[in-house]
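Structure first, then comments.
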Amino acid sequence: MRHLLDIQSLSQEEISEILRLAENLKEILIRPIPKVPTLRGKLVLLLFYEPSTRTKFSFERACKVLSADTMSFSAKGSSLEKGETILDTVKNLYALGVNLLVIRHNLSGTPHFLAKHLKIPVVNAGDGIHEHPTQALLDLLTVKEKLGTLSGLKVAIVGDIKHSRVAHSDILAFQKMGSSVYVTGPAHLLPEPKEREFFEVKSGGFKVCYKMEDALKDADVVMALRIQRERHGEPFIPALKEYAEIFGLTPKYLELIKEKALLMHPGPINWGVELSYEMEKYPFQVILDQVENGVAVRMAVLLRFLSGD
Amino acid sequence: MKILLKKGRILDPSSGLDFVGDLLIEDGNIRGVERDIELSEKNITMLDCQGKLIFPGLVDMHVHLREPGEEWKEDIESGTRAALYGGVLRVACMPNTKPVNDSPEVTSYILKRAKEKAWVTVYPISAITKGQEGKELSEFGRLKKAGAIAVSDDGKWVANSALMKRALLYAKNFDLPVISHCEDPFLSFKGQINEGKISAKLGLKGIPSSAETIAVIRDLLLAKETETSVHLAHLSVKENIPFLKWAKEEGIPFTAETCPHYFTLTEKEVEGYNTLAKVNPPLRTEEDIYAIKNALKEGYIEVIASDHAPHSPLEKEVEFELASFGMLGLQFLLPLSFNLVREGVLSELKLLEYMITNPSKILRVTPPSFKEGALAEVIVFDPEEEWKVTEEIIQSKSKNTPLLGKTLKGKVKMIILQKTIYRADT
Ligand SMILES: [Zn+2]
Ligand SMILES: [Zn+2]
């Protein structure tokens with residue numbers, strides 16, 4: 001494994017290994033001085049072509065804990081707007097001695113494109129509507145921590161599955177670890193019949209449900225996705241109000257899911273839409289644990305690619 | 001000045017010739033085809049064609065030459081040189097140039113440049129609508145006078161059905177063929193590759209087969225209503241076929257075309273975000289390939305064109321979604337199409353009919369042939385020779401093809417165009 005580009009190309013063993021490493025590294029985060037010199041002298045380039053605070057801060061924090069130096073780059077106001085190609089930008093920055101590239105981009109496949117042209121590891125921090133592998137890994141870590149296992153679970157994902165890179169990575173990741181994944185939401189935002197074959201990973205199970213109830217019934221994990229009313233300037237959802245009423249997670253759905261089922265959200269949350277305000281008090285809501293585990297998982301990823309050479 | 005081609009398998013779809021024999025060219029014209037031509041004169045160039053096929057030059061009715069406006073990708077000189085090497089001696093070039101070929105001035109400019117630079121005959125296709133914007137008809141009459149051989153908004157579908165109907169009717173005044181790029185722009189909006197398993201895998205917006213089929217059906221209905229033939233460019237999906245069959249049975253005037261990549265390559269080529277395989281319509285599935293071959297066999301599709309679409313690394317070595325659609329075609333047209341003969345889909349003569357006589361008929365030109373007195377437009381082709389696709393072999397300015405590094409079977413060995421003999425080997 002030279003890069004972390006997607007969950008598709010990871011084996012179950014590779015996923016387990018990263019999770020194990022992340023679990024071990026979590027210990028550092030609770031130390032009085034959460035910093036180790038492991039990656040001292042390494043330079044990580046954080047290239048964010050899309051506004052993102054959470055993922056970017058998470059990677060930055062992970063770098064700092066491991067004592068790696070970071071360089072940040074945001075597309076706004078940069079040479080990109082002057083017409084420079086991304087390849088030129090990256091090659092120039094690479095010449096400054098970067099050891100690893102973390103990239104977030106609004107176009108699918110951009111990390112793969114850069115990986116083809118660079119000699120350093122590339123970590124995908126979210127590309128278009130393709131994948132967001134570290135998010136899936138932190139979701140796995142959170143579930144494993146809370147429920148003690150990743151196999152045999154029923155995971156329900158609610159929302160815009162079609163355009164969600166988080167969902168794409170999660171669907172594959174949970175199945176690879178032996179869980180089954182049920183997705184639901186407005187039908188035009190779910191994988192179409194022709195597309196489904198891709199999401200069916202051999203070891204797990206995958207099901208598209210048009211009724212919320214079918215997806216949520218006896219679920220061990222419920223993940224709500226952030227919803228956007230518009231896509232490419234077109235309203236994809238008639239109204240957020242209707243969405244909240246039908247596809248928003250409200251206490252009425254709690255009766256369907258398992259007693260201690262986890263409630264997750266990759267953030268940022270539209271309270272009152274994907275999750276009703278009451279859900280903030282739901283005891284097994286693990287949204288902040290996800291954030292914390294995000295740092296640990298990213299530390300594990302950095303360590304895997306940067307130590308040893 | 002005489003050129004005598006000896007002992008080749010002579011194929012001429014215009015006259016149905018298919019036999020092993022000799023072909024005599026005198027002063028740039030066909031002088032005779034016979035089993036055995038013996039000449040005692042001295043001043044004769046003799047070409048041994050044993051084991052080779054000899055047929056008239058191909059007519060490729062769907063080519064992008066990029067001039068004017070995008071000469072860094074291709075120009076009339078380089079594009080027609082690629083055509084020559086591919087055995088294509090007449091090309092019809094699509095109007096999506098910069099500026100769009102929607103005016104007599106641009107049409108004349110292309111013809112003037114062709115006269116100065118081209119290696120083969122160039123037929124300009126002008127736009128159906130001004131600026132290819134799908135709003136107003138362009139001036140078919142003046143365009144025809146300037147030399148336009150057909151009209152098309154290739155790259156875009158004329159989505160306004162009333163306007164397309166008007167175009168089909170107006171084209172009757174000038175006997176101009178209308179060529180349609182069948183793609184419902186709403187269904188294909190932002191689409192990158194075939195919609196399906198691979199588009200889901202790559203996280204790229206898909207172009208559903210319905211985008212093409214819906215357009216095909218509408219165009220057929222308008223052709224029926226207006227009793228004007230429409231030519232459906234580069235068909236790629238199996239869903240079209242029952243409708244083409246229906247239209248044939250109904251007697252609706254239409255012709256249909258496909259390209260070698262649609263019966264050769266699948267969507268799998270784009271895996272790993274290979275922009276060289278990004279083309280519009282997109283590469284489809286095995287099932288589609290099977291259906292397209294069947295449609296060729298049944299004659300529902302009766303033209304094979306290249307849709308030669310050069311793009312430089314500037315347009316291809318970028319993020320997948322930013323990359324331009326298109327791949328080279330001229331030099332691969334024959335070898336890839338010849339697989340249809342090897343697979344028993346078409347006979348040699350039928351294949352050549354699809355690449356010479358049918359496109360000529362659609363464009364209303366006399367096809368290249370071996371009739372006595374015809375201009376010498378002759379190809380010598382070795383169906384068995386294997387060759388590797390390398391950047392050096394490609395005559396286009398651009399090198400964008402997913403075939404790079406692959407081995408093809410069947411090679412154009414010689415081209416005799418009027419008085420000149422070109423050896424494509426060197
Ligand atoms: Zn087209
Ligand atoms: Zn075209």
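Computed from a predicted model, the values in this text were never measured in an experiment. Chain naming here is simple, since letters A, B, ... match the order of the sequence lines and numbering starts at 1 in each.
- Between B:R284 and B:E267 there is no salt bridge, since none of the side-chain N atoms of the basic residue sits less than 4.0 Å from a carboxylate O of the acidic one.
- Chain B forms the most heavy-atom pairs under 4.5 Å with one residue out of A:R196, A:E234, A:E195, and that residue is A:E195.
- The main-chain N or O of B:K201 is found under 3.5 Å from a side-chain atom of A:Q8 such that the two form a donor-acceptor pair.
- Residue A:D6: no heavy atom, backbone or side chain, is found under 4.5 Å from chain B.
- Of the two parts of B:T285, neither the backbone nor the side chain holds a non-hydrogen atom closer than 4.5 Å to a non-hydrogen atom of chain A.
- Side-chain atoms of B:N400 come within 3.5 Å of backbone atoms of B:H311 as a donor-acceptor pair (strictly under, hydrogens ignored).
- At a 4.5 Å heavy-atom cutoff, A:H163 makes no contact with chain B through either its backbone or its side chain.
- Using a 4.5 Å cut-off between heavy atoms, A:E192 contacts chain B through its side chain alone, with no backbone atom that close.
- For the pair B:K278 and B:F325, the cation sits on the ring face: its NZ or CZ lies under 6.0 Å from the ring centre, inside 45° of the axis.
- Counting heavy-atom pairs under 4.5 Å between each of B:P208, B:G203, B:G196 and chain A puts B:G203 at the top.
- Neither the backbone nor the side chain of B:Q192 comes within contact range of chain A; no heavy atom of the residue lies under 4.5 Å from a heavy atom of that chain.
- The number of heavy-atom neighbours closer than 6.0 Å to NZ of A:K194, taken from other residues, nucleotides and ligands shown, is above 12.
- For A:I129, the parts lying under 4.5 angstrom from a heavy atom of chain B are both the backbone and the side chain.
- B:D153 places no side-chain N or O within 3.5 Å of a backbone atom of B:K156 that could act as its donor or acceptor partner.
- Ion pairing between a basic and an acidic side chain is recognised when a charged N comes within 4.0 Å of a carboxylate O; A:R165 and A:E50 show such pairing.
- If you measure heavy-atom distances from A:F113 to chain B, the contacts under 4.5 Å come from the side chain alone.
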